[in-house]
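The structure appears below as structure tokens.
Only a predicted model underlies this, so the values are computations on that prediction, with no experimental measurement involved.
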Amino acid sequence: METVSENRCFGGVQGVYKHRSTATGTDMTFALFLPAEAQDGPVPLLWFLSGLTCTHENAMVKAGAQAWAAEQGIAIVFPDTSPRGDDVPNDEAYDLGQGAGFYIDATQEPWSQHFKMWTYTAEELPALLGETFALDMTRQSITGHSMGGHGALTLAMALPGRFKSVSAFAPICNPTNSEWGRKQFTAYWGDEASWGPHDATLLMQGDGFDGPILIDTGTDDQFSDKLGTDAFAHAMAAKRQEGQIRLQKGYDHSYFFISTFMEDHVAFHAEALYA
């Protein structure tokens with residue numbers, strides 16, 4: 001593993017690291033914030049999964065998460081959103097290909113060789129983090145934005161017992177009924193009969209999540225027609241799921257929205273991680 005950079009940050013260290021991924025067959029880059037407490041022993045870990053077009057860097061720089069994580073003694077990892085490289089297939093559209101991995105494993109050409117983001121996020125990167133850094137992998141929580149909110153919700157529900165809590169900012173909640181989902185699932189998986197259970201609304205209608213959920217979505221979100229918030233809210237209510245969906249008046253889909261409510265989300269996860 002290569003250390004790209006390490007910077008002092010709120011008493012801890014904000015690092016960026018690169019490694020060769022067996023899941024994607026490419027070099028992958030991730031960012032990790034370690035609070036000061038990591039110098040004395042393993043600390044809990046919060047995942048932040050980013051959205052379409054993002055890399056590891058967007059949330060690391062724009063979300064304002066490190067200050068609140070340092071206050072709570074929590075590490076935060078910011079993975080990339082897809083494999084990258086000259087030999088990795090791409091598409092001219094911003095919502096397919098590089099920067100749009102959707103946290104699933106593709107089975108269709110030309111995507112199937114490299115686009116294994118479920119395996120990377122659920123298996124390979126957690127193993128690497130646990131082996132390399134002072135992290136308590138028995139205490140993990142997860143959050144994400146937009147496509148990353150989709151990833152956070154689906155990982156949390158599909159991996160019972162892995163995460164103590166899950167939250168999301170403007171998540172794609174019902175991708176099988178959305179332009180942000182049907183297009184990508186068709187490309188990566190082919191015919192709809194081959195689609196996997198990577199839809200938060202469908203997973204909520206199944207076993208749901210064995211912990212608390214917090215979702216924030218802006219009432220002025222310019223992509224609200226693609227998110228499926230109502231479908232997920234109905235599924236949560238029917239399941240009697242512990243959690244909150246908050247509609248934040250006047251906020252849009254941007255990192256200004258995320259940074260405004262990041263303190264709430266970190267505190268929400270800290271309560272579950274230290275319970």
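Checked against the 6.0 Å centroid criterion, the rings of F261 and Y251 qualify as a close aromatic pair. The aromatic ring centroids of Y188 and F115 lie less than 6.0 Å from each other.
Between C173 and F232 the shortest heavy-atom distance is CB-CB, 3.5 Å. Summarising the geometry of L153 relative to I215, their closest heavy-atom pair is CD1-CD1, 4.3 Å, with the distance given to 0.1 Å. Looking at every heavy atom in both residues, H150 comes nearest to I172 through CB-O, 3.2 Å. Heavy-atom minimum distance, K164 versus R139: CE-CA, 4.4 Å. Nearest approach of A170 to H145, heavy atoms of both residues: CB-CD2, 4.4 Å. Minimum interatomic distance between T154 and D199 (heavy atoms only, all atoms of both residues): CG2-N, 3.9 Å.
In this structure, OG1 in T176 is found 4.5 Å from CG in L202, a value given to the nearest 0.5 Å. From I74, atom CD1 reaches atom CD of Q140 across 12.5 Å, with rounding to the nearest 0.5 Å. Interatomic distance, D191 CG to T186 OG1, rounded to the nearest 0.5 Å: 8.0 Å. How far CD1 of I104 is from OG1 of T119: 11.0 Å, rounded to the nearest 0.5 Å. Atom NZ in K226 sits 8.5 Å away from atom CG in D95 (nearest 0.5 Å). Residue L34 holds its CG atom at 8.5 Å from CD of E6, rounded to the nearest 0.5 Å.
With hydrogens and angles disregarded, a donor-acceptor distance shorter than 3.5 Å links the side chain of R20 to the backbone of G25. In this structure a side-chain-to-backbone donor-acceptor pair under 3.5 Å is missing from Q241 to A235. Using modelled atom types, no side-chain atom of Q14 and backbone atom of C9 make a donor-acceptor pair closer than 3.5 Å. Within the 3.5 Å criterion, the main-chain N or O of C54 finds a donor-acceptor partner in the side chain of T81. In terms of modelled atom types and a separation under 3.5 Å, the side chain of T143 and the main chain of S167 share a donor-acceptor contact. At distances below 3.5 Å, not a single donor-acceptor pair connects side-chain atoms of N174 with backbone N or O atoms of A231.
More than 12 non-hydrogen atoms from other residues, nucleotides or ligands lie less than 6.0 angstrom from CD of Q248. Atom CZ of F256 sits in a sparse spot, with 12 or fewer heavy atoms from other residues, nucleotides or ligands closer than 6.0 Å. The number of heavy-atom neighbours closer than 6.0 Å to CD of E271, taken from other residues, nucleotides and ligands shown, is 12 or below. With a 6.0 Å radius and a threshold of 12 heavy atoms from other residues, nucleotides or ligands, D87 has its CG atom at or below the threshold.
Under a hydrophobic clustering in which Ile, Leu, Val, Met, Phe, Trp and Tyr are joined whenever their side-chain heavy atoms come within less than 4.5 Å, directly or via other members, W47 and F33 fall into different clusters.
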Exercise for the section: Evaluate the side chain to side chain contact (heavy atoms under 4.5 Å, CB included) criterion for residues Q66 and M60: first the C-alpha distance (whole Å), next the side-chain angles of each, then the deciding distance (0.1 Å), finally the verdict. Expected result: CA-CA 8 Å; Q66 293 90 341; M60 177 186 77; 3.8 Å; yes
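Shown here are the ring-ring contact (aromatic ring centres under 6.0 Å, His included) partners of W118, two or more places apart in sequence or in another chain: H198. Evaluation of the ring-ring contact (aromatic ring centres under 6.0 Å, His included) rule for Y17 yields F30, F133 as partners, not counting sequence neighbours. By the ring-ring contact (aromatic ring centres under 6.0 Å, His included) test, F223 is found to be paired with W180, H253, residues two or more places apart in sequence or in another chain being considered.
Salt-bridge check for D105 with K116: failed, with every basic side-chain N at 4.0 Å or more from each acidic carboxylate O.
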